[in-house]
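Take a look at the structure below.
Just so you know, these numbers come straight off a predicted model, no measurement behind them. For this chain, numbers begin at 1 and follow the sequence in order. As a basis for the values below, the full set of heavy atoms in this structure was taken, side chains included, without hydrogen atoms, waters or symmetry mates.
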Amino acid sequence: PGDQEAGEMGLAAVPGRQAAFRQGLEAAVHYARAVGCPRIHVMAGRVPLGTERAAVAGEMEATFIENLRYTADLLSQEDMIGLLEPINNRITDPRYYLNSPHQAAAILEKVGRPNLKLQLDLFHCQIMDGNLSQNLKTYFPLIGHIQIAQVPGRHEPDSPGELNFPYIFELLESLGYSGYVGCEYSPKGDTLEGLGWLRSYWESRGLQHGGNSKAAK
């Protein structure tokens, strides 16, 4: 994430910070190797203060592509995947550089490395573009990780909001998604209480705790 106290939120697309980015990436790889995590979120970073997004877009994209190619080469030695997550700039972070799946997909195409994927947070995707069903189908070959939260409150999937998560989960199954779904939301209560929606979802699908089929038991 860079120097968060100084207002940084990643460095991969920030011009002039390449050395600090590489140092941070090496630390992330060290931690990921230690805990056996094969995926690393490569945070793009923010548009520098005092500059207009349009004025620095070209330089930031060039920096991002350069750093992503370096990342891909380093992660290939570790059998790891680098993930790009678009973060909405309407609510969460107005200055974040990478803000839509379309932008991320275009950059991934330019970088052209198979061990870089899209980290699709449906909270951000809904705020920026909506059209979730079609976006999931369109970008499915690029997706390396999924994250969820209800919109607009960013709470549990069964909290009041815009998204129909049982439908979305069934769509992911039909597409053949076999990865993890990260629960990146703010629980209304404590963590365990906030996971009650998952037990209810399993029961609605005829599953027992842990997602095991009753028939299989």
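- Nearest heavy-atom pair across Tyr177 and Gly144 is OH-O, 4.4 Å.
- Contact of the Thr92 side chain with the Arg154 side chain is registered, since non-hydrogen atoms from C-beta on lie closer than 4.5 Å.
- No more than 12 heavy atoms of other residues, nucleotides or ligands lie within 6.0 Å of CG in Asp79, so this atom counts as exposed by the packing criterion.
- Side chain of Asn88 to main chain of Met128: no donor-acceptor pair is present (N/O by atom type, distance under 3.5 Å, no hydrogens or angles).
- The structure places CG of Leu83 at 11.5 Å from OG1 of Thr71, a figure rounded to the nearest 0.5 Å.
- With respect to the salt-bridge test (charged N to carboxylate O, under 4.0 angstrom), the residues Arg33 and Glu78 qualify.
- Hydrophobic clustering (side-chain heavy atoms under 4.5 Å, transitive across Ile, Leu, Val, Met, Phe, Trp, Tyr) keeps Val56 apart from Val14.
- Both Tyr97 and Leu118 are part of a single hydrophobic cluster, where members link through side-chain heavy atoms under 4.5 Å apart.
- Nearest heavy-atom pair across Glu156 and Ser186 is OE1-O, 4.2 Å.
- Around atom CD of Glu52, no more than 12 heavy atoms belonging to other residues, nucleotides or ligands sit under 6.0 Å away.
- Across all their heavy atoms, Asp190 and Glu193 have their closest contact at OD1-N, 2.7 Å.
- A heavy-atom distance below 4.5 Å is found between the side chains of Lys137 and Leu171.
- Taking all atoms of both residues into account, the shortest heavy-atom contact from Pro157 to Gln150 is O-NE2, 3.2 Å.
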Requested in this report: Run the numbers on Arg205 and Glu173 for side chain to side chain contact (heavy atoms under 4.5 Å, CB included), then give the verdict.
Outcome: CA-CA 13 Å; Arg205 298 292 307 279; Glu173 286 186 23; 3.1 Å; yes
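- Considering only heavy atoms from C-beta on, Asn67 stays 4.5 Å or farther from Leu11 through its side chain.
- With rounding to the nearest 0.5 Å, the separation of CD in Glu85 from OH in Tyr96 is 7.0 Å.
- Between Tyr167 and Ser133, some side-chain heavy-atom pair lies under the 4.5 Å cut-off.
- The closest side-chain heavy-atom distance from Pro15 to Met60 is below 4.5 Å.
- A heavy-atom distance below 4.5 Å is not found between the side chains of Leu75 and Arg113.
- Rounding to the nearest 0.5 angstrom, the gap separating the CE atom in Met80 from the CZ atom in Arg39 is 11.5 Å.
- The ring-ring contact (aromatic ring centres under 6.0 Å, His included) analysis of residues 122-156, with sequence neighbours excluded, yields the pairs His102-Tyr139.
- Residues passing the salt bridge (Lys or Arg N to Asp or Glu O under 4.0 Å) test with Arg95, sequence neighbours excluded: none.
- To the nearest 0.5 Å, atom CG of residue Leu116 and atom CD1 of residue Ile81 are 7.5 Å apart.
- The only member of Ile148, Ile143, Leu132 that meets side chain to side chain contact (heavy atoms under 4.5 Å, CB included) when paired with Leu120 is Ile143.
- Here the CD-CG distance, from Gln18 to Leu25, works out to 13.0 Å after rounding to the nearest 0.5 Å.
- Nearest heavy-atom pair, Arg53 versus Asn89, reported as atom, atom and distance to 0.1 Å: NH2-ND2, 3.5 Å.
- Gln147 contributes no side-chain N or O that, together with a main-chain N or O of Asp121, makes up a donor-acceptor pair within less than 3.5 Å.
- The distance from atom CG of Leu84 to atom CZ of Phe64, rounded to the nearest 0.5 Å, is 4.0 Å.
- Heavy atoms only, all atoms of each residue included: Leu163 and Leu122 are closest at CD1-O, 4.3 Å.
- Of the possible donor and acceptor atoms, none in the side chain of Asn131 sits under 3.5 Å from a partner among the backbone N and O of Asn135.
- The hydrophobic clustering, which links ILVMFWY residues whose side-chain heavy atoms are closer than 4.5 Å, places Leu68 and Leu108 together.
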